[in-house]
2 protein chains.
Amino acid sequence: MDKDSEKELVGVKEIARRAKVSIATVDRVLHNRSGVSEKTKAKIQAIIEELDYKPNILARRLASKKVLNLAILIPAVSQETDYWNAPLTGIIQAEEEIASYGVKVNKYFFDQNDKGSFVQQANFIVDSNCDGVLLAPMFIEESKYFIQNCISKGIPYVFINSDVPEQNSLCYIGPNLYASGYLAAHLSGFLVADTDQILIVNISKEIDNHHHLLRKEEGFREYFSVNNRSNDIFKIDIRQTAYESVKASMQKALENKNIKLIFVSNSRVSSVARFLEESHITGLKVIGFDFLKENIDFLKKGTIDFLICQKPIEQGYKGIMTLYNYLVLSLEAEKVYYMPIDIITKENYLYYRN
Amino acid sequence: MDKDSEKELVGVKEIARRAKVSIATVDRVLHNRSGVSEKTKAKIQAIIEELDYKPNILARRLASKKVLNLAILIPAVSQETDYWNAPLTGIIQAEEEIASYGVKVNKYFFDQNDKGSFVQQANFIVDSNCDGVLLAPMFIEESKYFIQNCISKGIPYVFINSDVPEQNSLCYIGPNLYASGYLAAHLSGFLVADTDQILIVNISKEIDNHHHLLRKEEGFREYFSVNNRSNDIFKIDIRQTAYESVKASMQKALENKNIKLIFVSNSRVSSVARFLEESHITGLKVIGFDFLKENIDFLKKGTIDFLICQKPIEQGYKGIMTLYNYLVLSLEAEKVYYMPIDIITKENYLYYRN
DNA sequence: ATTAATTTCGGTTACGTACACGAAAGATAA
DNA sequence: TTATCTTTCGTGTACGTAACCGAAATTAAT
């Protein structure tokens with residue numbers, strides 16, 4: 001049972017009384033508006049300091065009638081993959097939670113396979129007047145350009161899902177790609193012997209996106225190198241994401257080899273699993289990414305052994321909340337927030353929360 | 001870019017205007033207080049329905065000057081294990097978040113090895129006047145008695161960390177013990193061959209607590225049974241938690257056997273790891289529970305291979321928030337909220353969030 | 001010294017809801 | 001009918017902060 005000293009919550013009124021000024025004046029220094037002499041300003045600030053005054057958020061939001069406009073720019077959910085459903089879900093969750101606090105989230109979507117749509121939507125955001133941006137910087141150069149516009153308008157922005165370092169974003173929320181590749185390799189280590197052959201599969205159409213996969217591959221290879229494991233590691237890049245294309249590439253890749261484990265560097269792992277199943281190839285271990293329905297189906301059946309996932313819903317949720325905390329509560333954000341690297345198996349997927 | 005219809009946020013004032021009554025009358029039906037004729041009550045309710053009125057939480061908390069008193073009853077952090085630090089951290093986090101909403105959390109702690117202290121603290125809570133209780137029902141009968149008191153006073157209660165089913169709690173937040181044991185077995189399956197011997201170690205002083213460990217053991221054994229794995233599985237119960245006692249028991253247990261994997265059914269796994277290290281026993285795989293500093297140290301060194309963890313901080317956080325949501329926002333809670341079963345290894349522990 | 005311009009500050013209302021208090025309307029009894 | 005009681009409802013103030021508007025104090029210009 002705690003008996004710590006009950007701090008009486010003081011408000012502007014008490015501060016005004018002690019400083020022998022009106023609450024309006026206190027309000028002015030709180031928002032460092034002009035119109036207060038240096039002397040009284042100092043006096044009031046001292047009292048604020050002394051009393052450890054914390055403004056009442058409720059009263060503040062209630063009295064301030066202006067609504068906060070946030071904008072998000074993320075890929076649209078396509079028929080190819082519904083990965084971005086998850087971050088969007090988190091974004092909507094956050095929106096509902098803070099809607100009554102006068103926050104509105106305007107949603108803009110672009111086509112992952114079309115840089116033009118990204119630029120177009122980004123321009124819409126620039127033209128709208130918003131107070132903060134949540135962005136999936138999938139196209140690096142275009143993102144940098146967009147950011148320049150934000151900076152010149154004084155709009156803070158948060159990166160989600162993939163980072164563009166050195167761009168002075170409020171924060172980055174997403175995976176540490178390298179580390180997740182490294183972990184995948186560790187899990188692989190349990191599944192194969194030193195003499196077994198390993199295949200890395202990168203499936204991605206857009207070159208920018210491909211870049212992210214390479215980071216995972218580096219981490220993956222690093223593990224085997226650091227631990228002096230001498231497995232043969234092959235790799236293929238598949239640049240057409242349709243199943244037929246994956247199938248053809250996989251057939252070729254497995255020819256005349258004795259691959260024992262396949263590492264698919266993104267959520268497209270279900271295509272590979274489907275191929276293995278349809279070809280009646282068994283005895284192969286498979287590791288991939290993301291908690292998608294198709295992937296889980298194969299996980300249940302044992303075609304996929306491990307999925308690595310990084311809480312996409314929470315990424316969206318935290319992205320919005322970071323902007324809210326910064327703009328409304330004026331809390332500073334962690335510059336980099338790496339999401340936990342979750343391991344999903346047949347046995348724990350039921351309890352997983354994105 | 002969404003263009004859904006902007007719902008104008010309406011308040012009691014608008015409702016009052018439409019119903020041609022005063023806001024006080026609207027307020028009365030909102031809180032279904034007495035003093036309103038059935039006719040006007042029906043009229044007002046219809047309008048509320050039609051307009052899909054959502055009360056403004058900020059204004060509500062601001063105007064209502066009564067503070068909400070929550071009580072928690074959890075084990076004290078002992079020198080033996082600081083596991084309960086984590087839930088407490090989450091509880092404090094939640095408290096800070098909602099403190100400005102007029103919520104206060106009163107903390108009561110009991111000694112895990114002393115039922116009497118549990119009863120005593122529970123009585124303190126009953127005598128205090130609180131509006132909700134968060135409880136770790138470690139001692140089953142005593143908890144049931146406590147709950148009876150809560151029910152008779154109309155106080156809602158939430159279970160955390162371990163469940164007592166059929167007690168009509170607002171909700172249970174914590175692990176699915178059986179499933180986590182099952183997962184541990186699955187991971188073990190990767191680490192051992194069919195001919196290897198396995199040792200299950202239960203370390204716990206209190207019998208009630210022991211009961212929880214058995215659920216994990218069941219899940220563990222079930223996996224091997226379901227998958228027709230024929231490993232010899234031995235087991236020991238250690239009823240004294242001090243290291244010397246663990247050491248003696250372990251020495252005896254390993255004698256004349258060829259154990260290849262040890263499954264420790266709770267967070268005491270570091271004692272076992274310490275024993276192995278001091279005895280220079282290598283080549284043994286170890287699986288245990290919980291993200292504690294001692295455990296992580298051994299994980300880093302490779303003495304422990306896997307830790308299973310179930311977000312104790314979040315358990316505390318969610319426990320308080322569930323009460324808050326129920327009492328303040330009158331949101332119903334999920335009856336059972338099983339925490340995700342997280343797998344922690346050398347490679348991902350850095351990114352783990354409790 | 002007087003006026004004008006500027007800086008500094010206080011009074012006041014508003015945000016959406018809760019609730020005490022008292023007034024009006026209706027019901028009952030004489 | 002009038003008096004009394006009960007039910008039903010409206011007025012007004014408060015919660016802690018934001019911000020407008022105008023007043024007082026200070027400074028600058030004549």
Side-chain angles (χ1 to χ4, degrees), chain A residues 7-45 47-48 51-68 98-103 131 327-330, chain B residues 7-45 47-48 51-68 98-103 131 327-330:
Chain A
K7 291 177 192 166
E8 303 296 327
L9 296 180
V10 298
V12 281
K13 211 185 297 179
E14 172 66 11
I15 297 173
R17 203 184 55 78
R18 296 208 191 194
K20 291 196 270 288
V21 295
S22 79
I23 59 169
T25 305
V26 175
D27 187 69
R28 274 183 271 261
V29 338
L30 277 174
H31 297 84
N32 56 307
R33 279 191 283 257
S34 62
V36 185
S37 69
E38 283 304 321
K39 211 175 59 182
T40 57
K41 182 171 179 177
K43 180 165 60 175
I44 290 172
Q45 275 173 334
I47 295 177
I48 289 173
L51 265 51
D52 189 33
Y53 164 75
K54 297 265 185 296
N56 183 320
I57 321 265
L58 292 95
R60 171 165 289 183
R61 284 305 306 170
L62 185 60
S64 153
K65 44 216 104 190
K66 61 164 157 293
V67 300
L68 203 69
I98 57 182
S100 62
Y101 297 13
V103 181
D131 308 286
L327 290 167
V328 175
L329 313 183
S330 56
Chain B
K7 295 176 190 164
E8 303 296 327
L9 295 181
V10 298
V12 281
K13 210 184 300 179
E14 173 66 10
I15 297 174
R17 200 183 59 76
R18 297 207 189 194
K20 290 197 269 292
V21 296
S22 78
I23 59 170
T25 304
V26 176
D27 187 69
R28 273 184 270 263
V29 337
L30 277 175
H31 296 86
N32 58 306
R33 279 190 283 257
S34 62
V36 185
S37 69
E38 283 304 322
K39 211 176 60 181
T40 55
K41 184 172 179 176
K43 179 164 62 173
I44 290 172
Q45 275 173 333
I47 296 178
I48 288 174
L51 264 52
D52 188 34
Y53 165 74
K54 296 265 184 298
N56 184 321
I57 322 251
L58 291 92
R60 172 166 286 185
R61 286 304 307 168
L62 184 61
S64 154
K65 46 214 99 189
K66 61 164 158 293
V67 299
L68 202 69
I98 57 183
S100 61
Y101 297 14
V103 180
D131 308 285
L327 291 166
V328 175
L329 312 184
S330 56

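Just the heavy atoms: all of them, side chains too, but no hydrogens, waters or symmetry mates, feed the values below. Naming convention: chains lettered A, B, ... in sequence-line order (proteins, then strands); numbering from 1 in each chain.
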At under 4.0 Å between heavy atoms, what does [X] touch on the DNA or RNA strands: base, sugar-phosphate, or nothing?
X: A/L58; answer: nothing
X: B/K66; answer: sugar-phosphate
X: A/G11; answer: sugar-phosphate
X: A/K20; answer: sugar-phosphate
X: B/S34; answer: nothing

Nearest-Å distance for atom pair [atom1]/[atom2], residues [X] and [N]:
X: A/I57; N: C/dG16; atom1: CD1; atom2: C1'; value: 18 Å
X: B/N56; N: D/dC15; atom1: CG; atom2: P; value: 18 Å
X: B/K43; N: D/dT8; atom1: NZ; atom2: P; value: 14 Å
X: B/K54; N: C/dT17; atom1: NZ; atom2: P; value: 13 Å
X: A/L62; N: C/dG16; atom1: CG; atom2: P; value: 7 Å
X: B/K13; N: D/dG12; atom1: NZ; atom2: C1'; value: 14 Å
X: A/E38; N: C/dC9; atom1: CD; atom2: P; value: 10 Å
X: A/D27; N: D/dA18; atom1: CG; atom2: P; value: 5 Å

Is any side-chain heavy atom of [X] closer than 4.5 Å to a side-chain heavy atom of [Y]?
X: A/E14; Y: A/I47; answer: no
X: A/N56; Y: B/L62; answer: yes
X: B/L30; Y: B/I48; answer: yes
X: B/V12; Y: B/Y53; answer: yes

Select one nucleotide: of D/dC15, C/dC9, D/dT17, the one nearest the side-chain heavy atoms of B/A63.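 In terms of side-chain proximity for B/A63, the closest of D/dC15, C/dC9, D/dT17 is D/dC15.
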Relative to the 5' end of DNA chain C, which residue comes earlier, A/S37 or A/I23, by the nucleotide with the nearest heavy atom?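 The 5'-side residue here is A/S37.
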Let me spell it out: for each of B/A59 and B/T40, pick the nucleotide of DNA chain D with the closest heavy atom. Which residue's pick is nearer the 5' end?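 On the 5' side of the pair lies B/T40.
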Out of the candidates A/L68, A/V67, A/L327, only one should pair with A/V103 under the side chain to side chain contact (heavy atoms under 4.5 Å, CB included) rule; please name it.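 Going through the options one by one, the only one that passes is A/L68.
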Distance check: side-chain N/O of A/R61 vs OP1/OP2 of C/dC15, anything under 4.0 Å?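 Looking at the OP1 and OP2 atoms of C/dC15, neither is under 4.0 Å from any side-chain N or O of A/R61.
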Side-chain N or O of A/Y53 closer than 4.0 Å to phosphate OP1/OP2 of D/dT17: yes
Tell me if the side-chain of A/R28 makes a donor-acceptor pair with the base of C/dG10, cut-off 3.5 Å, by modelled atom types. yes
